[in-house]
Amino acid sequence: MPEVPSYRIFASSQSASKALAEDISQLIRSRDSEERTTVLGLATGNTPVQLYKELIRMHRDGLSFRNVVTFNLDEYIGIDREHPESYWQFMHSHLFNHIDINPENIHIPEGMVAADNIESHCSAYENQIEEAGGIDLQVLGIGRNGHIGFNEPGVSPDVATHATELNQVTINDAAEAFGGAADVPQRAITMGVKTILGAQRIALLAFGSSKADIVERALTSGITSEVPATYLQSHNDTTFFLDQDAGKRLS
Ligand code: F6R
C-alpha cells in the first residue's frame, strides 16, 4: 500500500518556510561534514519566495552553498533568460544572486532550446541529475489543478524530464504576470513525475485557502493522473508544509 505523505500545519506561511529552511540547512551542514555535496531540486512561483528569503538570511549568518548543486523543476519554452518572467531570472533574483553557490552548480532547463534539440536537452538534464548523485531534497509547490512542476493533469508517472503543453488553469494563473493569457508561453520543459519521485526526500509547500481543496485531494484521494500530486502518495519520504489556510480541509 502506498504511504500517504505526512503533512505539517504551521501557524503561518513564514513559520512553514522557516522550518523547511532549517531542514535544508541541516542537510547541507551534515553533508558538508562528510565532504559530500548536497543536491537540491528547486521550485519557482510565489510559494517558495519566503523559503529563499530565509535561506539568504541563513547564508548571511554563515551557511555556505559552495557544496550545493541545484536542479530547477521547470522553465517556459520560448522565452530567454533575460525575460522578467523566466524561471532563470526568478531564481537568480530570489536566491542565487544572494548566496555563494558556484554558477556551474546551477541547473535550469533552457527555455530557448531549438525544437529539434528539446529531447536531447531533456535527456542531458536527466543525466546531469544522475551524475550529481540524484536529488537529496526536492522542493515543490502545487498548482490549483494539482500539477507538480509542470506535470499537468493526465500526465504519466513514468515520464522523466520532457516538454509539455501547459494546462488552461496554469495559463490563467500565470496571465497576470505576463500581462494577459495570450502572452503566457503555451509550453514548458519540466522534470517528470518519475524524476521527482526519484528524489530521496520531497517537501511540498502550499499556502493560502486557494490551495486548500487541491491539498486535500492530493493527500486523500486515490492516486490518479487527474491530480498529479497524488503520485506523491507512492513516495516514502514526502512531507507537505502547509499554513493553516492550505491545511484547513484536513482533520
Ligand atoms: C514552479 C512549479 C509549479 C508551481 C505551482 C504553484 O517551478 O513547478 O508547479 O510550484 O504552479 O505556483 P505558486 O507557488 O505560484 O502558487
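Counting starts at 1 for both ligands and their atoms, in listed order. Bear in mind the structure is a predicted one, so any value in this text is a computation, not a measurement. Scope of the values below: all heavy atoms of this structure, side chains included, with no hydrogens, waters or symmetry mates.
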Quick one: sort the Phe150 and Tyr76 rings into parallel, tilted or perpendicular, breaks at 30° and 60°.
tilted

Determine whether the aromatic ring centres of Tyr125 and Phe71 lie less than 6.0 Å apart.
yes

With under 30° as parallel and over 60° as perpendicular, where do the rings of His92 and Trp88 fit, or are they tilted in between?
parallel

Is a donor from one side chain sitting under 3.5 angstrom from an acceptor on the other, for Ser13 and Gln50?
yes

Check whether the ring centres of Phe241 and Phe207 lie less than 6.0 Å apart, and answer yes or no.
no

For ligand 1, would you mind listing the residues that have at least one heavy atom less than 4.0 Å away, ordered by chain and number?
Ala43, Thr44, Gly45, Asn46, Thr47, Leu73, Asp74, Gly141, Ile142, Gly143, His147, Gly149, Lys211

I'd like to know whether the aromatic ring centres of Tyr52 and His94 sit less than 6.0 Å apart in this structure.
no

